[in-house]
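Convention: sequence-line order gives letters A, B, ...; per-chain numbering from 1. Values below: all heavy atoms of this structure, side chains included; hydrogens, waters and symmetry mates excluded.
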Protein chains: 2
Amino acid sequence: MSFTNQDLRKAGLKVTLPRVKILELLEKSSEHHLSAEDIYKTLLEQGEDVGLATVYRVLTQFEAAGIIERHQFENNYSVFEILQADHHDHIVCQNCGRVVEFTNPVIEAEQHAVAERLGFELIGHSLNLYVLCDRPECVEARKRRK
Amino acid sequence: MSFTNQDLRKAGLKVTLPRVKILELLEKSSEHHLSAEDIYKTLLEQGEDVGLATVYRVLTQFEAAGIIERHQFENNYSVFEILQADHHDHIVCQNCGRVVEFTNPVIEAEQHAVAERLGFELIGHSLNLYVLCDRPECVEARKRRK
DNA sequence: CTAATTGCAAAAGCTTTGCAGCGCA
DNA sequence: TGCGCTGCAAAGCTTTTGCAATTAG
């Protein structure tokens, strides 16, 4: 899925520089999951003159418009990502913060079954696996800390 | 599982009034999941003279000692609960904050399988189902808001 | 032209920390 | 008695809000 200025207009949002830049960042960043702070810093580095408050406002609007998703991991760590065609869950490294996506139809189906069995209307869910990851840098960093 | 003053001592924690009271609250509360604020307010109501800072400090120590577990739901909503013998996940009502526990062995097994398949060392996980709950008060409250 | 949007600064949660005094062992 | 623990107040973080100036359509 790729979002354009048209999508902004459709959502009733004027096409402004901060919005375009933030959308671009979320689409093109190699890191798929960005925090508000990440986005703010990157824009400053690129010489854009945006305020952190604007970043938050825009992200909130994008979320309401169904353009992005907000994830809150443990330790009060929030990230945003462009909405994908497919739903997926997250694996988060507790050491270096790396995020990896995965999908599992069995778990997905079970979740719905659980909610239904208990008579709840399921409106959302979040599944995060917290791990120590296998990147050489991360393994090294952990050794050094001990 | 039931924790006693002995468990505090074993954890290297002196048996002080705030700690005993907080432990008691967590064990006896009908609501199984309490926020720091909940605990603080309840203690004040009971006439105990504790500071909110102490509540946070004690909860952090309890967590480190493996006596309680901290859960962070969406919307920056954190709760604490006494550690149970069995692991379980949570269903959280997005309207009234009610928390219901559930266990599902299929999901549990799948999670481990996913981590293993991808070569990660699983050290924790959190699965939350967000729902609109079926309590009459909650259903009413939602109607009124619309 | 005019309502939406922005940057800045201030404020609002929630949680942590510094410190002097109090209390458990 | 001594060190751990506590309450209070202040500070830290992330996120939100008020406001006057700016800008898209």
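At a non-hydrogen distance threshold of 4.0 Å, A/Tyr56, A/Arg57 from residues 56-66 of chain A come into contact with DNA chain D. Sorted by residue number, the members of residues 14-26 of chain A with any non-hydrogen atom under 4.0 Å from DNA chain C read A/Lys14, A/Thr16, A/Pro18, A/Arg19. Within residues 34-52 of chain A, the residues that have a heavy atom under 4.0 Å from DNA chain C are, in order of number, A/Asp49, A/Val50, A/Gly51.
Residue pairs that meet the salt bridge (Lys or Arg N to Asp or Glu O under 4.0 Å) test with at least one member in residues 95-108 of chain B, sequence neighbours left out, are B/Arg98-B/Asp134. Under the salt bridge (Lys or Arg N to Asp or Glu O under 4.0 Å) criterion, the residue pairs touching residues 56-66 of chain A are A/Glu63-A/Arg70, with sequence neighbours excluded.
Contact detail for B/Val114 and A/Asn104: the closest heavy-atom pair is CG2-ND2, 3.4 Å.
A distance of 4.5 Å separates CG in A/Asp89 from CZ in A/Phe102, rounded to the nearest 0.5 Å.
Judged as a side chain to side chain contact (heavy atoms under 4.5 Å, CB included), and not counting sequence neighbours, the contacts of B/Asp7 are B/Phe3, B/Thr4, B/Lys10. Partners of A/His88 under the ring pair (Phe, Tyr, Trp, His ring centres under 6.0 Å) rule, at least two apart in sequence or in another chain, are A/His90. With sequence neighbours left out, the side chain to side chain contact (heavy atoms under 4.5 Å, CB included) criterion links A/His112 to A/Leu122. Partners of B/Ala65 under the side chain to side chain contact (heavy atoms under 4.5 Å, CB included) rule, at least two apart in sequence or in another chain, are B/Ala11, B/Ile67.
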Working for side-chain contact (heavy atoms from CB on, under 4.5 Å), residues A/Gln61 and A/Arg19: CA-CA 10 Å; A/Gln61 293 159 340; A/Arg19 288 189 183 139; 3.2 Å; yes

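Tracing side-chain contacts under 4.5 Å through hydrophobic residues (I, L, V, M, F, W, Y), one never reaches B/Val139 starting from A/Phe120; they form parts of separate clusters. Side-chain heavy atoms closer than 4.5 Å link hydrophobic residues (I, L, V, M, F, W, Y) into clusters, and following such links, even through other members, never connects A/Val100 to A/Val79. Hydrophobic clustering, with ILVMFWY side chains joined whenever heavy atoms are under 4.5 angstrom apart, groups B/Leu43 together with B/Leu52.
Ring geometry for B/Phe73 versus B/Tyr130: interplanar angle over 60°, hence perpendicular rather than tilted (30 to 60°).
Note that the two end axes of the helix from C/dC1-D/dG25 to C/dA25-D/dT1 enclose an angle of 30°, each drawn from 5 base pairs, rounded to 10 degrees.
Within a 6.0 Å radius of CD in B/Glu24, more than 12 heavy atoms belonging to other residues, nucleotides or ligands are found.
Of the two residues near DNA chain C, B/Arg70 and B/Leu13, the one whose nearest nucleotide lies more 5' is B/Arg70.
Mapping heavy-atom proximity under 4.0 Å, the span of DNA chain D touched by chain A runs 5' to 3' from D/dT14 to D/dG25.
Applying the 4.5 Å side-chain rule to ILVMFWY residues, one finds that A/Leu17 remains a lone member of its cluster.
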